[in-house]
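First comes the structure, then the notes that go with it.
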2 protein chains.
Amino acid sequence: MKRDSKLSGVLHVLLHMAEIDAPVTSETLARMMQTNPVVVRRVMAGLRAQGYVRSDKGHGGGWTLARDLESLTLLDIHRAIGAPPLFAIGHRNEAPGCAVEAAVNEALDSRLHQAEALLLSSFGEITLASLSRNFHRRLAERRAATTSGDHHGH
Amino acid sequence: MKRDSKLSGVLHVLLHMAEIDAPVTSETLARMMQTNPVVVRRVMAGLRAQGYVRSDKGHGGGWTLARDLESLTLLDIHRAIGAPPLFAIGHRNEAPGCAVEAAVNEALDSRLHQAEALLLSSFGEITLASLSRNFHRRLAERRAATTSGDHHGH
DNA sequence: TCTTTCGTAACATTTGAAGTTACATGAAAC
DNA sequence: GTTTCATGTAACTTCAAATGTTACGAAAGA
């Protein structure tokens, strides 16, 4: 079972867009995500439908953030890309005539739903802005490490 | 992304075996799980390796429970079938040179791990015996409903 | 009008799970 | 002992879903 990395890919792209502050083409984003422009458009379409990003055609066109990162959470993004199933496990038949099946499904489903609720609510608490801050902190650390390695430290 | 239903399938099978109290062939189990005998053997092999079930060849052979259902939890079963990934989402590259990627991965992974821990621990609290009790309760209810429908109620 | 860029349908590729076949091994029945 | 029933397992095939690709249309600016 292959893992869906749409969410992670989109987040990656959005954070990069926040750094650039000018329309970015699908072509460029595709290179960042190591994928294809068409795939980018496909997934970004969901974000546009929610008004999180804008797309413009023609010269100088491309994708632009339409919202403050502070106002966007992982949950928003997850929903915008179609709220794909979070879990890799589940049960087989939805309408079990078998009482054993029903008992198993009930037990599994209740725990799965509980875990899902927790996960989604934690997604709701993470803003893209906080991810961006985390990113900048890393950049700074990385720069500091490099500088000291170059014997330019104090 | 297709959902893995091994866990649910195996639970189904184990509960049925508990009812039968005689060796059950892969053939029979396969019919219960609506699959193929070889697939059954494949997944049951993991349970046998843990000593949860026994298999015997030849006439009158088949699969037998080797443990009290009270001593088995969903977590045990999950591990016995190879502890397949619980989540359908994840990130792309494990070794990100990109600081954005690192920030995104950290945020996602930490929440995912947290949710996973919760889910696994809840699996650890559900015994197969409790599932079996749930199953018998359902049977009784179903029987009661049928009886009253047949005008045999008091 | 020509180039750029998105929009999207249709098709191709890939990948991993699941299913299948085939044959070997071992145990009980006869 | 040999026949039948059952598991063990490797190898192969099939299938489904995700992803990638091609192709062409629409809109916007140069």
Side-chain angles (χ1 to χ4, degrees), chain A residues 1-10 12-13 17 20 22-49 52-66 81-93, chain B residues 1-10 12-13 17 20 22-49 52-66 81-93:
Chain A
M1 189 141 318
K2 192 166 200 174
R3 267 175 160 143
D4 180 352
S5 55
K6 244 181 275 175
L7 180 59
S8 128
V10 167
H12 190 164
V13 150
M17 283 169 65
I20 291 176
V24 190
T25 66
S26 305
E27 175 75 30
T28 305
L29 293 179
R31 267 194 303 265
M32 286 174 182
M33 293 176 68
Q34 323 195 61
T35 180
N36 188 289
V38 177
V39 175
V40 170
R41 293 191 194 114
R42 239 160 14 206
V43 50
M44 295 295 281
L47 300 191
R48 183 184 46 218
Y52 300 162
V53 297
R54 230 185 62 199
S55 68
D56 293 289
K57 294 180 174 179
H59 280 273
W63 299 90
T64 326
L65 280 169
I81 63 180
L86 294 174
F87 293 105
I89 68 175
H91 55 254
R92 289 160 307 157
N93 36 358
Chain B
M1 187 139 318
K2 193 167 199 171
R3 270 179 158 136
D4 179 353
S5 54
K6 244 180 276 175
L7 181 58
S8 127
V10 167
H12 190 164
V13 152
M17 283 169 64
I20 291 176
V24 190
T25 65
S26 306
E27 177 75 29
T28 306
L29 293 179
R31 266 195 302 266
M32 286 175 183
M33 293 176 68
Q34 323 194 60
T35 180
N36 188 290
V38 178
V39 175
V40 170
R41 294 192 194 114
R42 237 155 25 200
V43 50
M44 296 294 282
L47 300 191
R48 183 183 46 217
Y52 299 161
V53 297
R54 228 185 63 200
S55 67
D56 292 289
K57 296 179 173 178
H59 279 273
W63 299 89
T64 326
L65 279 170
I81 61 180
L86 294 174
F87 293 105
I89 68 174
H91 56 253
R92 288 160 308 156
N93 36 358

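Computation of the quantities below employed the complete heavy-atom set of this structure, encompassing side-chain atoms and omitting hydrogens, waters and symmetry-equivalent molecules. Remember, it's a predicted structure, so these values are computed and weren't measured experimentally. Chain identifiers are assigned alphabetically (A, B, ...) following the order of the sequence lines, protein sequences preceding nucleic acid strands; residue numbering begins at 1 within each chain.
- Between the CD1 atom of Ile81(B) and the CE atom of Met44(B) there is a distance of 11.5 Å, given to the nearest 0.5 Å.
- Distance check: Glu27(B) CD to Asn36(B) CG gives 8.5 Å after rounding to the nearest 0.5 Å.
- No N or O donor and acceptor, one from the side chain of Arg41(B) and one from the base of dT25(C), sit under 3.5 Å apart.
- Between Asp4(A) atom CG and dG16(C) atom P there is a gap of 15 Å when expressed in whole angstrom units.
- For the pair Met33(B) CE and dT20(C) P, the computed distance is 14 Å after rounding to whole Å.
- Every side-chain hydrogen bond (donor to acceptor under 3.5 Å, both in side chains) that Arg54(B) has, sequence neighbours left out, goes to Asp56(B).
- Near DNA chain D, meaning a heavy atom under 4.0 Å away, the residues from residues 53-61 of chain A are Lys57(A), Gly58(A), His59(A).
- OP1 or OP2 of dG20(D) sits under 4.0 Å from a side-chain N or O of Thr35(A).
- Rounded to whole Å, the distance from CE on Met44(B) to P on dA18(C) is 16 Å.
- Look at CD1 on Ile81(B): it is 13 Å from C1' on dA17(C), rounded to the nearest Å.
- Ile89(B) has its CD1 atom 20 Å from the P atom of dA17(D), to the nearest Å.
- Summarising the geometry, the separation between CZ on Arg42(A) and C1' on dA17(D) is reported as 13 Å, rounded to the nearest angstrom.
- Between the CG atom of Asn36(B) and the P atom of dA22(C) there is a distance of 13 Å, given to the nearest Å.
- Looking at the side chain of Val38(A), the nearest of the listed nucleotides dT7(D), dT22(D), dA10(D) is dT22(D).
- We find the CG-CG distance between Asp4(B) and Leu86(B) to be 9.5 Å, quoted to the nearest 0.5 Å.
- One distance of note links OG of Ser5(A) with NE2 of His12(A); it measures 11.5 Å at 0.5 Å rounding.
- Every residue meeting the side-chain hydrogen bond (donor to acceptor under 3.5 Å, both in side chains) condition with Ser26(B), not counting sequence neighbours, appears here in chain and number order: Arg41(B), Trp63(B).
- Across the protein-nucleic acid pair, Lys6(A) atom NZ and dA17(D) atom P stand 13 Å apart, rounded to whole Å.
- Going from atom CD1 of Ile20(B) over to atom CE of Met32(B) covers 4.0 Å, rounded to the nearest 0.5 Å.
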